[in-house]
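Scope of the values below: all heavy atoms of this structure, side chains included, with no hydrogens, waters or symmetry mates.
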There are 2 protein chains.
Amino acid sequence: MVKNKKTKADEPASSGKLLDELRVPPGPVDLSAYDTRATTGFSGSKEDGKVALDGLGADVSDWQERLYAEGRKGGQRSILLVLQGMDTSGKGGVIRHGAGLMDPQGLRITSFKAPTPAEKRRGFLWRIRQALPGPGIIGIFDRSHYEDVLIARVRNLVAPPVWNRRYEQINDFEAELADSGITLIKCFLHISPEEQKIRLEARLDDATKHWKYNPADIDERELWPDYAEAYQAALENCNGPEAPWYVIPSDRKWYRNWAVTTLLLETMQSLDPQWPTADFDVKAEKARLATT
Amino acid sequence: MVKNKKTKADEPASSGKLLDELRVPPGPVDLSAYDTRATTGFSGSKEDGKVALDGLGADVSDWQERLYAEGRKGGQRSILLVLQGMDTSGKGGVIRHGAGLMDPQGLRITSFKAPTPAEKRRGFLWRIRQALPGPGIIGIFDRSHYEDVLIARVRNLVAPPVWNRRYEQINDFEAELADSGITLIKCFLHISPEEQKIRLEARLDDATKHWKYNPADIDERELWPDYAEAYQAALENCNGPEAPWYVIPSDRKWYRNWAVTTLLLETMQSLDPQWPTADFDVKAEKARLATT
């Protein structure tokens, strides 16, 4: 990883890990204090960033295969990347450019839309549980159970006591995930309202992007301060040591893609999955094969 | 596509499409007549083949997005790539290197293992139906319902009248898929027993590949002629115009990856999905956005 040279001497000694640099510390969260154009942990240009992302490909792919192999041979560990952010913040872009570096056989990607009536009847976490990654798999959620304390809160889809209870329900749920071997990486893709405007304009200006545009996006945009408040509450209330949030400065797409992919890579490296040892007699099998 | 210069003048005029060149013609199938080392439709070297595969990336990605966009806006069409072949023939490799060029959000990959007792009770097509791609999605099956006329036949897992009936059941099922908008591409990854031996040896020689090795692979290998017969029967009996089989010469991994990816690309191009037109008033939305 290219380190940001701007790190000041009086800052706490860094582990050198982007995971530590982008981690939201416990306590109150003020999103306005986070620069959406920052390139924390990276000191190069946009071009450098794209090259650096490509350069992660081989490592990401290798570690992913190790994790997958472990899962195939009895290991129970997996990773769940949760992507949240306002419209156009780039949840799809991260998947396309970051997850796109990986073997799709080891990925399980789920995009959560508004819940159906049948899903609602089962409780907000039911459909989330259906989508959890199996052993050795990297799960990716494009939106998640956090919508149930974001749009549900902002839009009054449920009464305040209901969404208020959900923070604790989410904490219990995520603790259960951690206990079952799932390492959580929750990323808030942080863009400015100005950047969103530019991106929505770009969608309207390009006929090949009209299918991505939804007039309701502007309705949500007009509630920006309410969403910021709801995000802050989610990042404050559900940020335990086993269920950390990361704020990803996302006005620069290249940085966002590089940063999330780097978080995934560092997480895999910290899990340090090893190639499974043979559960058969290698010599005997070689001899057997030779006779065929 | 680089055309094979060896095409003889007295052969039927080619459409220039690999889909036509690798298509199994209706009628009896003799797999021994298919060269597993052929590079049909490609005249370059291994290095050229890898470069050519990379070169498909942008086109594959663009067409995939068009298909996906169509599916998001009411279109019902999708593609289902069925991968079959003996152990080590490269079903996983095709997914890693070919499907790996695509946006994983538009893929749905399912790897079929031996059915569980609960799955068996529901009939052999039940779990297949669960895994069908939705609108705009490219489904990929690593093994499929064909196992139910392959290993089930070779290993006598069911009585002969049962597997015999399945050919017609498969034909009915696949006709139904075609009617519902799914374009089928069924690929038999054709390797020689000699090449399989080399690949199994390589797995045994490399500790990082031991997890992929299963002693049962040799048991299946010893039934090679029986499997060849079962494959021939499947390719003969289930090869309707809407459910075509393609034999992919697969002793050369680079060719196999290029060929299957090219079949996918040509299929998307023949579907010719168009960018959906705006279902909103573009001017009005621009004006609305400008005020925010």
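- Among L200(B), L101(B), N214(B), the residue making the largest number of heavy-atom pairs under 4.5 Å with chain A is L200(B).
- Neither the backbone nor the side chain of A284(B) comes within contact range of chain A; no heavy atoms are under 4.5 Å apart.
- Rounding to the nearest 0.5 angstrom, the gap separating the OG1 atom in T208(B) from the CG atom in D62(A) is 8.5 Å.
- Here the straight-line distance linking atom CG of D103(A) with atom CD1 of I95(B) works out to 7.5 Å at 0.5 Å rounding.
- Ion pairing between D217(B) and R288(A) fails under the 4.0 Å rule for side-chain N and carboxylate O.
- Looking at every heavy atom in both residues, A207(A) comes nearest to W275(B) through O-CB, 4.4 Å.
- Nearest approach of L107(B) to P104(A), heavy atoms of both residues: CD1-CB, 4.0 Å.
- Of all the listed residues (S111(A), G106(A), P193(A), S61(A)), the one sharing the greatest number of non-hydrogen pairs under 4.5 Å with chain B is S61(A).
- Heavy-atom pairs under 4.5 Å with chain B were tallied for D219(A), I140(A), D279(A); the largest tally goes to D219(A).
- Between E285(B) and Y213(A), the shortest heavy-atom distance links the atoms OE1-OH, 2.6 Å.
- Residue contact with chain A, scored on non-hydrogen atoms closer than 4.5 Å, involves the side chain of K212(B) exclusively.
- The two residues T292(A) and K197(B) come nearest to each other via the heavy atoms O-NZ, 2.8 Å.
- For chain B, the nearby part of I109(A) is the side chain; its heavy atoms alone come within less than 4.5 Å.
- The pair R96(A)-E65(B) counts as a salt bridge, with a side-chain nitrogen and a carboxylate oxygen less than 4.0 angstrom apart.
- With a threshold of 4.5 angstrom between heavy atoms, K73(B) approaches chain A through side-chain atoms but not through N, CA, C or O.
- Atoms NZ and CG, on K286(A) and L204(B) in that order, are 6.5 Å from each other to the nearest 0.5 Å.
- Atom OG1 of T277(A) is separated from atom NE2 of H210(B) by 10.0 Å, given to the nearest 0.5 angstrom.
- For chain B, the nearby parts of E201(A) are the backbone and the side chain; heavy atoms of each come within less than 4.5 Å.
- Shown are R72(B), R66(B), E70(B); of these, the side chain to side chain contact (heavy atoms under 4.5 Å, CB included) with W211(A) is made only by R72(B).
- Taken from CG in D142(B) to CD in Q105(A), the straight-line distance is 6.0 Å, to the nearest 0.5 Å.
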